[in-house]
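Lettering of chains follows the sequences in order, A, B, ..., and the numbering in each one begins at 1.
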Amino acid sequence: MSFWSHFSYAITIFLMVAGLYIVIARGNLIKKLVGLGVFQTSVYMLYIAPGKLIGGTAPIIDANFKVYSNPLPHVLILTAIVVGVATLALGLALVVRIREAYDTIEEDDILASDEGEPGGDGQRR
Amino acid sequence: MNIVLDVLSWACLAGGGFFCVVGGIGLIRMPDFYTRMHAASVTETLGAGLILLGLMLQAGFTLVTAKLLLICLFIFLTSPAATHALAKAALLRGLQPLLTAMGDKPSKP
Amino acid sequence: MFATAACALLATIALALARAALGPSVFDRLQSANTIGTCAMLLLAVMGFLGGRPEFLDLALVYGLLNVLGTIAVLKYFRHGDLGEPGDAEESPKP
Amino acid sequence: MRHNLVLRVVAKLLIPFILLFALYVQFHGDFGPGGGFQAGVIIAAAIIFYGLIYGLDAARKAMPDRVVETMVACGVLIYAGVGLAGLFLGGNYLDYFVLDHDPAHGQHRGIFWVEVGVAVTVSGVMLKIFYMFASRGRDPE
Amino acid sequence: MALTVIVLTRSRNLFTVVVLAGVYSFLMATALVALDAVDVAMTEASVGAGISTVLLLGALYLCKSEETKPVRKPWLPLAVSAAAGALLVFGTLGLPAFSDPAAPIHTHVVPRYLNDVLRETGVPNVVTAVLASYRGYDTLGETTVVFTAGIGVIALLRRRRKQPGAANKQDAAK
């Protein structure tokens, strides 16, 4: 259990923490979505990295190779990526709608305008 | 014959790597955007071409070589187009070359 | 030898990344993004040879394609502010 | 970009290659890297590229909204249909062994059609999303 | 990559954020290739660098917002993130080391996939085989999710395409 044997986890955790920080600390909604993307990629790393075997190759069966990396995480992450971009699009659509309703995409302004006039003109146009 | 091919491809790979690094250094060191673009094009043409040539020599006459040629074509087709669009956009945006700041007349786009 | 080329490409990527990080204008960043894309493409090709499986060049082709797509999209956005416009005479007056 | 001749010519040269390459990725996905998701995204990228350079209206003419929406639904239907075909031929749902006399060939066929369904859905959804985002701000307000 | 993320965190200009997100995605895909995940890298590159850049730009155009406000108090989120990171580091101490062939992930269902895939399906690419055949239900559900997301975007963005006046008229007519 040296440091290098857990290096991939360190990268994963760094990315995850960075994504988390962006999501929590930034008020802009698009920025938040980008942070969510970073977080998501850290999860990809978390899945893919243990599947790698040093000396193995990509899981495409060939007579010349004996050792393959683990294909199962690849499958899971493959679906996760496409779902991720679909949800990203959905989130962006929501942001666009929010911007049309509130004229801002800053979280604080949205909260302020909600408190200012609850159920008022800000919500539906 | 084989050794000649190996040496040639190694030379190509080394040259390509060298030009890539030169382009990268230029990207850092050049003073303004247009000169930087010039530096980057070193990477994108000479470096890429040499590396792909080296790989082609290694691969021999297979499908791989065809794909490498395709990549080569792709790079040589798209990256000047992208650079052209970039330069045009920058000029239209009003980013002046450094020369004009030194006292020349601003060139018309 | 492949390893040397890969190291050179990695160094180039690092340099371009530095430019992207501290580039004063958006165009600098774009240019370095483009360079990074090209280098990543070459790196992929080299890495395929390094691992002894040169079938992965498809991947490099995808990289090249999407690199251009991204750059053009950003430029389009920058010039017209709109992704769907065919572009009219207003932004580039004929001399 | 009406005056941007370089881009237009390059795009005209490239787009058929991109579409061809997408088909290659789709059908070569059994033997190399690739498959339905990638091919769908690449097809969508090609048409988005077209739309970026020649304008959204041109892309809409080449790929009408109706077609895109049909693609979105058809992909899922193809996928589910493969499952139903297995059901009708005497297997379980999404059981490919019964699709051909030889089980391995049946698997191959099932995987092929499933990938087609995935590609159609993914490209349709991506294109539709692009159309929605790009056309949103363009209508006269 | 870490540098990209740091710059991403710090930069205010949303436009820069989008460009850097594309770069980040490219580098991520390269790292995935280094980890032997070829199909995943292909998807990540095409999706991350191509499509989501275009989508982010489209949303950016619709939002027309270039700057965000400066952060007020970064200390609380930073503390939360650091605490989460510390917990995660503590958690990794129990995990198997990198590239350990005896790890649980390599011993359970995967050898069956790798050994039998050629005989059972005749498809050399194990990822494709597992995706479409062994885990067909998963993929069906996933395709449905993509479909639903597309429908959701259509539903969200199609409304109120007309002028605000027309919308008001419709509201009044209701």
**Q** Where do C:Leu15 and B:Gly24 come nearest, in terms of heavy atoms and distance?
**A**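 Minimum heavy-atom contact is CD1-C, 3.5 Å.
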**Q** Which region of C:Thr38, side chain (C-beta onward) or backbone (N, CA, C, O), has a non-hydrogen atom less than 4.5 Å from a non-hydrogen atom of chain B, or is it both or neither?
**A**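 The side chain, not the backbone.
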**Q** Could you check which of B:Val21, B:Leu86, B:Thr78 has the highest count of heavy-atom pairs closer than 4.5 Å to chain C?
**A**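 Highest number of pairs under 4.5 Å: B:Leu86.
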**Q** Non-hydrogen contacts under 4.5 angstrom with chain C: give the residues of residues 9-16 of chain B involved, or none if there are none.
**A**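 Listed by number, the contacting residues are B:Trp10, B:Leu13, B:Ala14.
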**Q** Which one wins on heavy-atom pair count under 4.5 Å against chain C: B:Cys20, B:Ala87, B:Gly17?
**A**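 Maximum pair count with chain C is reached by B:Cys20.
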**Q** Tell me, out of B:Leu70, B:Leu68, B:Val22, B:Thr83, who's got the most heavy-atom pairs with chain C below 4.5 Å.
**A**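 Looking at each option in turn, the highest pair count goes to B:Leu68.
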**Q** Would you check if C:Ser32 and B:Leu27 make a side-chain contact, meaning some heavy-atom pair closer than 4.5 Å?
**A**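 C:Ser32 vs B:Leu27: side chains touch.
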**Q** Taking everything shown except B:Phe18 itself, do over 12 heavy atoms lie less than 6.0 Å from its CZ?
**A**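 Check fails, neighbour count at 12 or below.
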**Q** Rounded to the nearest 0.5 Å, how far apart are OG1 of C:Thr35 and CE of B:Met37?
**A**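 So the gap between those two atoms works out to 11.0 Å.
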**Q** Between B:Leu55 and chain C, which part of the residue has a heavy atom less than 4.5 Å away: side chain, backbone, both or neither?
**A**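 Both backbone and side chain.
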**Q** Could you give the distance from CG (C:Leu9) to CD1 (B:Ile51), rounded to the nearest 0.5 Å?
**A**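 C:Leu9 CG to B:Ile51 CD1: 4.0 Å, rounded to 0.5 Å.
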**Q** Quick one: of B:Ala48, B:Ser79, B:Gly47, who has the most non-hydrogen atom pairs under 4.5 Å with chain C?
**A**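 Answer, by heavy-atom pair count under 4.5 Å with chain C: B:Ala48.
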